[in-house]
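Below is one structure, written out as structure tokens, with a few remarks after it.
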Amino acid sequence: LEHRLDEFERHDLGLVDYLHCEAIGEPGERTFNITARSERGEAVVWMEKEQLFQVGISIRQFLVTRESTPDPAPFDVPAIDSPVPVHVEFKTGEMSLRHDPASDVFALVASDIPREDSADGPLAQITIHFRREQAKQIADLSVEIVAAGRKPCPLCEAPLTPGKSHFCVKVNGYNPVDDLMGNDRS
């Protein structure tokens with residue numbers, strides 16, 4: 001499916017007062033999202049674990065490479081087309097990060113994944129603006145959430161699932177003598 005950018009229903013939450021990320025489910029079966037709220041509405045953007053990790057790492061890089069403005073200008077809130085509050089929820093395919101050095105405000109832009117059933121409605125795109133302190137918090141939380149998953153195999157770094165055998169490529173298969181999960185086999 002090929003979609004042009006003008007086929008996106010664009011929303012801008014403006015400067016958000018709530019920005020949070022979370023994992024739902026048990027390790028190995030978790031789903032991840034970022035939730036943002038402002039006076040303009042709410043957005044829940046679902047994503048893969050690797051995407052959440054990249055958001056955290058990218059924000060950390062932005063924080064290090066873009067200095068804080070000592071006296072930031074007021075944030076110029078983008079105009080909105082409709083006074084109706086935004087309520088969007090979708091799984092993202094593409095995301096980008098921006099920084100406005102004058103106001104020291106960051107922006108995360110997330111776009112919906114084109115689906116075969118997209119004839120049911122337009123694809124969504126949401127822009128979430130947040131301040132430096134929120135950027136630090138969401139970066140740290142996203143990395144912490146991703147790290148709270150299954151422990152990696154110390155040899156091949158593949159995730160280990162409790163109660164299941166692990167086929168480790170580094171030792172050409174699972175070694176039943178060494179329990180990499182640390183369980184007592186006696």
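For the pair R66 and D104, the salt-bridge criterion is not met [side-chain N within less than 4.0 Å of a carboxylate O].
The minimum heavy-atom distance linking D17 with Q134 is given by the pair C-NE2, 4.0 Å. Between A139 and G56, the closest heavy-atom pair is CB-O, 3.6 Å. Of all heavy-atom pairs spanning T69 and A102, the tightest one is CG2-O, 4.1 Å. Nearest approach of D12 to I126, heavy atoms of both residues: N-CD1, 4.4 Å.
Environment of CD in E26: sparse, with no more than 12 heavy atoms of neighbouring residues, nucleotides or ligands closer than 6.0 Å.
Here the side chains of F62 and L97 are in contact, with some heavy-atom distance below 4.5 Å. In this structure, I138 and I59 have side chains that are in contact, with non-hydrogen atoms separated by less than 4.5 Å.
S111 and E94 share no side-chain donor-acceptor pair at under 3.5 Å. Counting only N and O atoms by type, the side chains of T35 and N33 include a donor and acceptor under 3.5 Å apart.
Both L52 and V143 are part of a single hydrophobic cluster, where members link through side-chain heavy atoms under 4.5 Å apart.
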side-chain hydrogen bond (donor to acceptor under 3.5 Å, both in side chains) between E22 and H20, intermediate numbers included: CA-CA 7 Å; E22 65 182 338; H20 185 71; 4.9 Å; no
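For F75 and H129, the gap between ring centers is short of 6.0 Å.
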